[in-house]
Enquirer: 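My questions all concern the structure below.
This one's a predicted model, so the numbers in the text were calculated from it and none came from an experiment.
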Amino acid sequence: MEAEFADDSLDQLETDPRFTGGFAAAVISAFRKRMQMIRSASDERDFYALKALHFEKLKGKRSHQFSMRLNDQWRLILEFKGKSPSKKVVIVTIEDYH
């Protein structure tokens, strides 16, 4: 899938090895691994197939968004734009769920 970022700092977090964005090294490493998975996925069904990601649709005001686990504490928040086969994923933010 093609990915774009709602925030330039997330783009920098993926590409700049020196940039931390205020996150711990484990969160950054997990984020970069998830970005590799996202870019290699054909669509969101690939995320549901990997149970360890805890990929889920959010509810309420955020019902248009999805979350994916980075670790026990942090989640990657995503949105999807367009329709298949040119569907894009928008990386919105990294959030602390606790």
Enquirer: Measure the NZ-CD distance between K81 and E4 for me, rounded to the nearest 0.5 Å.
Expert: 3.5 Å
Enquirer: If only atom types and distance count, is the side chain of S63 paired as donor or acceptor with the main-chain N or O of K59 below 3.5 Å?
Expert: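 Side chain of S63 to backbone of K59: no pair is present.
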Enquirer: Under 4.0 Å between a side-chain nitrogen and a carboxylate oxygen: does that hold for E2 and K87?
Expert: no
Enquirer: Show the numbers, then the answer: is there a side chain to side chain contact (heavy atoms under 4.5 Å, CB included) between L58 and I77?
Expert: CA-CA 9 Å; L58 299 178; I77 307 301; 4.2 Å; yes
Enquirer: When rounded to the nearest 0.5 angstrom, what distance separates CD1 in I28 from OG1 in T20?
Expert: 5.0 Å
Enquirer: Measuring from atom OG1 of T93 to atom CG of L76, what distance do you get when rounded to the nearest 0.5 angstrom?
Expert: 8.5 Å
Enquirer: So, E95 and R75, do they make that salt bridge, N to O below 4.0 Å?
Expert: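 Salt bridge between E95 and R75, a charged N being under 4.0 Å from a carboxylate O: no.
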Enquirer: Would you please test F80 and K88 for side chain to side chain contact (heavy atoms under 4.5 Å, CB included) and show each step?
Expert: CA-CA 6 Å; F80 293 97; K88 291 182 183 179; over 6 Å; no
Enquirer: Between D46 and S42 (side chain of the first, backbone of the second, donor and acceptor by atom type, cut-off under 3.5 Å), is there such a pair?
Expert: yes
Enquirer: Give, for atom OG of S29 and atom CG of N71, the distance between the pair rounded to the nearest 0.5 Å.
Expert: 10.5 Å
Enquirer: So which atom in I38 and which in A3 form the shortest heavy-atom distance, rounded to 0.1 Å?
Expert: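 Distance-wise, the nearest heavy atoms are CG2-CB, 4.4 Å.
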Enquirer: Is V27 close to Q73 at the side-chain level, that is, under 4.5 Å between some pair of heavy atoms?
Expert: no
Enquirer: As an exercise, state the distance from CG of L13 to CG of D8, rounded to the nearest 0.5 Å.
Expert: 12.5 Å
Enquirer: When rounded to the nearest 0.5 angstrom, what distance separates CZ in F66 from CG in L78?
Expert: 8.5 Å
Enquirer: For V89 and E79, run side chain to side chain contact (heavy atoms under 4.5 Å, CB included): C-alpha distance rounded to whole Å, both residues' side-chain angles, the deciding distance at 0.1 Å, then the answer.
Expert: CA-CA 6 Å; V89 62; E79 294 177 2; over 6 Å; no
Enquirer: So which pairs with a foot in residues 11-31 pass ring pair (Phe, Tyr, Trp, His ring centres under 6.0 Å), sequence neighbours left out?
Expert: F23-W74
Enquirer: How would you list all residue pairs meeting salt bridge (charged side-chain N to carboxylate O under 4.0 Å, His left out) that involve residues 26-42, not counting sequence neighbours?
Expert: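 Only E14-R39 qualify under salt bridge (charged side-chain N to carboxylate O under 4.0 Å, His left out).
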Enquirer: Only pairs under 3.5 Å count here: list side-chain donor-acceptor contacts from residues 47-54, not counting sequence neighbours, and write none if there are none.
Expert:
from: H54; atom 1: NE2; to: R69; atom 2: NH1; distance (Å): 3.3

